[in-house]
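Note that ligands are numbered from 1 as they come in the structure, with each ligand's atoms numbered from 1 the same way.
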Amino acid sequence: MFPQLCLRGREGRPWRRRKMRDSRYLSVATALLTLVALKAYIEWTAEQEERYPTPHTAGWPSSSITPLQSSDASSPAFVFQHFNVSLQGLRQSIPRAKAYWNEKQYKNFRALEEGSAANASWNQCSSSDAAEQAGKIKNFGSYSELYKNFILYGDCRNFSLLINQPDKCADAKNGTFLLLAIKSLPRNFAARQAVRDTWGQEGESGGLAVRTVFLLGTAQGRYGPRLQHLVYFESRSFGDILMWDFEDTFFNLTLKDNLFLSWTLDHCQDVRFILKGDDDVFINTPKVLDYLSSLDASKPLYTGQVMANASPFRVQRSKYYVPESFYVGPYPAYAGGGGYIFSGPLARSLHLISQHVAFYPIDDVYTGLCFQALGITPEAHAGFMTFDIAEKDRADPCVHSKLLLVHRRSPQQTLHLWKQIVNPNFKC
Ligand SMILES: *[C@@H]1O[C@H](CO)[C@@H](O)[C@H](O)[C@H]1NC(C)=O
Ligand SMILES: *[C@@H]1O[C@H](CO)[C@@H](O)[C@H](O)[C@H]1NC(C)=O
Ligand SMILES: *[C@@H]1O[C@H](CO)[C@@H](O)[C@H](O)[C@H]1NC(C)=O
Ligand SMILES: *[C@@H]1O[C@H](CO)[C@@H](O)[C@H](O)[C@H]1NC(C)=O
Ligand SMILES: *[C@@H]1O[C@H](CO)[C@@H](O)[C@H](O)[C@H]1NC(C)=O
């Protein structure tokens, strides 16, 4: 059904013709090509890392989604009453240990009990408070730059939106059925184009509207090339970029998630399902739509490849390293961040509860913590393969046609696989 999707026309924006005439755009194109080559080189040299423990099957929530009104969000007393039981569950799973995050979260629990909102410190984003907190970590000096920044700026949650798509969800007659929210980096131009040209194309299929947004911060590093103008250009051409004014680093992905939830409440609040994923996954969108349209939309959904009984990674040179002075305890069951799906109406509850759960540097773990605080356990779906599949199957379209999501594929592999899967003569 997907090949017949009508691409959303962007009439009135004849960008192709303008580009041919204007030499400025030619230099933009040259720069883009250089960046694509650079990206390919970076990907080629990047080391793959062991990330997750073995997946496991968890329960399926049976209760219905309780709709929350936007006015509810301001009252900690409301939160405490509404999520009392599930918050107790979260509390029981976190040891009362002498570690930075544990202590910070216990402060949040106490504040909730007292009916205050942990002094809404994340709105103040005060660096002197953060420095004081950091001073309590005995080996703070040995923390990596990323950790230091995470702690010093970990309470800053308010960043302005530099590029918005305020009408993204406005023109779907029957509401947006599936919003693909894809975490990307400014420099990942080729990955985004491959997504647009394949599984991320926007359209309507059997009354189900699919929309796509790419979630970006600003290019990282004091010495990084300034990509802003290229990203603005890209946004004008395709209308699918959301970019916030924060540095797009690995430990700011939780912040990115949180800003995306705020955006959803402002601009796409009636969306039925949200798929959060990386820009280097392959998604079998037609199969995802079949699966989602078979579900009872009133039940809360949080599904993907479920990591259960996981705990912090203590190997110091890993990207996922968590120092013992930072966090002690197990992780809740969570869906692997390569790609997972949740019900759109949960966005408000998630955003609300996140105001009472301290940011955690690993974004999918943080999402799991917030869902646990809401009393929703992730449901394992065997179609999500965030650690990829057997080597021999990685180019096999038949294997991919039976899955929902695979991590990870290059832009070239994505285009090749997609072309085969949507071919009307494709048979397995
Ligand atoms: C919250 O739950 C705990 C334990 O289940 C109970 O003791 C307490 O009274 C509840 N508080 C509110 C405000 O509902
Ligand atoms: C909130 O701030 C007040 C006054 O600054 C302080 O007494 C109180 O301990 C703080 N509460 C929390 C939970 O940090
Ligand atoms: C967030 O920042 C903007 C300006 O950057 C400000 O107008 C707004 O009040 C801030 N919101 C909160 C909740 O602090
Ligand atoms: C709109 O969505 C509902 C619920 O999915 C569906 O039953 C209905 O057929 C759709 N209407 C149109 C015009 O596609
Ligand atoms: C997150 O972004 C903010 C704002 O750009 C920056 O100050 C901070 O260092 C970043 N945090 C990390 C962990 O990179």
Side-chain angles (χ1 to χ4, degrees), residues 42 46 49 51 99-105 120-137 139-164 181 183-188 214-232 241-263 276 278-279 312-313 315-327 331 337 351 354-355 357-367 369-370:
I42 290 166
E49 286 187 65
R51 177 161 188 194
Y100 176 80
W101 194 90
N102 302 57
E103 288 179 342
K104 198 173 166 81
Q105 188 52 35
S121 58
W122 46 270
N123 264 347
Q124 293 154 19
C125 179
S126 145
S127 55
S128 59
D129 281 3
E132 191 193 321
Q133 296 275 339
K136 290 184 192 149
I137 304 175
N139 59 342
F140 186 72
S142 71
Y143 275 29
S144 69
E145 203 63 30
L146 261 183
Y147 262 106
K148 285 179 178 160
N149 283 338
F150 179 82
I151 287 165
L152 292 176
Y153 302 97
D155 284 333
C156 306
R157 298 186 174 197
N158 186 19
F159 291 92
S160 54
L161 196 50
L162 299 174
I163 302 180
N164 192 7
K183 292 178 275 181
S184 190
L185 285 171
R187 63 168 189 264
N188 291 6
F214 294 99
L215 315 178
L216 273 64
T218 57
Q220 49 180 292
R222 245 174 302 174
Y223 307 110
R226 294 178 306 117
L227 303 180
Q228 232 78 322
H229 291 295
L230 293 174
V231 177
Y232 277 113
I241 304 282
L242 298 180
M243 184 165 79
W244 287 270
D245 189 17
F246 68 85
E247 213 181 313
D248 208 335
T249 65
F250 179 58
F251 279 3
N252 265 341
L253 285 176
T254 296
L255 170 66
K256 185 184 277 191
D257 255 20
N258 206 256
L259 291 166
F260 165 69
L261 286 175
S262 302
W263 179 87
K276 254 333 265 311
D278 288 338
D279 62 4
F313 206 56
V315 176
Q316 203 156 355
R317 50 178 290 277
S318 162
K319 179 176 169 187
Y320 301 98
Y321 169 62
V322 177
E324 265 136 59
S325 56
F326 183 83
Y327 179 69
Y331 285 158
H351 188 256
S354 76
Q355 296 172 23
V357 181
F359 272 2
Y360 197 81
I362 300 170
D363 62 324
D364 47 8
V365 171
Y366 182 73
T367 303
L369 286 162
C370 289

Return the closest protein heavy atom for [atom] as residue, atom name and distance.
atom	answer
atom 5 (O) of ligand 5	Glu247 N, 2.9 Å
atom 8 (C) of ligand 5	Tyr153 CD1, 3.7 Å
atom 12 (C) of ligand 5	Thr249 OG1, 3.3 Å
atom 4 (C) of ligand 5	Phe159 CE2, 3.6 Å

Exercise for the section: Determine, using ring centers only, whether Phe250 and Tyr320 are less than 6.0 Å apart. Expected result: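 They qualify: ring centres under 6.0 Å apart.
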Practice task
Examine Tyr143 together with Phe140 and report whether their ring centres are nearer than 6.0 Å.
Solution key: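 When the ring centroids of Tyr143 and Phe140 are compared, they turn out to be within the sub-6.0 Å range.
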Exercise for the section: Would you give the length of the straight line joining atom CG of Leu215 to atom CG of Leu185, rounded to the nearest 0.5 angstrom? Expected result: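 Answer for the CG-CG pair, Leu215 versus Leu185, is 11.0 Å.
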Practice task
Give, for atom CG of Leu242 and atom OG of Ser184, the distance between the pair rounded to the nearest 0.5 Å.
Solution key: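 One gets 11.5 Å once the value is rounded to the nearest 0.5 Å.
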Give the atoms of ligand 5, by number and element, whose distance to some non-hydrogen atom of [X] is under 4.0 Å.
X	value
Phe246	2 (O), 4 (C), 5 (O)
Leu146	13 (C), 14 (O)
Phe251	13 (C)

Handout entry: Option set Asn252, Asn149, Asp245, criterion heavy-atom distance to atom 2 (O) of ligand 5, minimum
Key =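 Going through Asn252, Asn149, Asp245 one by one, Asn252 has the nearest heavy atom to atom 2 (O) of ligand 5.
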Practice task
Using the ring-ring contact (aromatic ring centres under 6.0 Å, His included) rule, pick out the option among Tyr321, Phe359, Tyr360 that qualifies with Tyr327.
Solution key: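 Among Tyr321, Phe359, Tyr360, the one meeting ring-ring contact (aromatic ring centres under 6.0 Å, His included) with Tyr327 is Tyr360.
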Exercise for the section: Give the intermediate values and the outcome of side chain to side chain contact (heavy atoms under 4.5 Å, CB included) for residues Val231 and Met243. Expected result: CA-CA 9 Å; Val231 177; Met243 184 165 79; 4.0 Å; yes
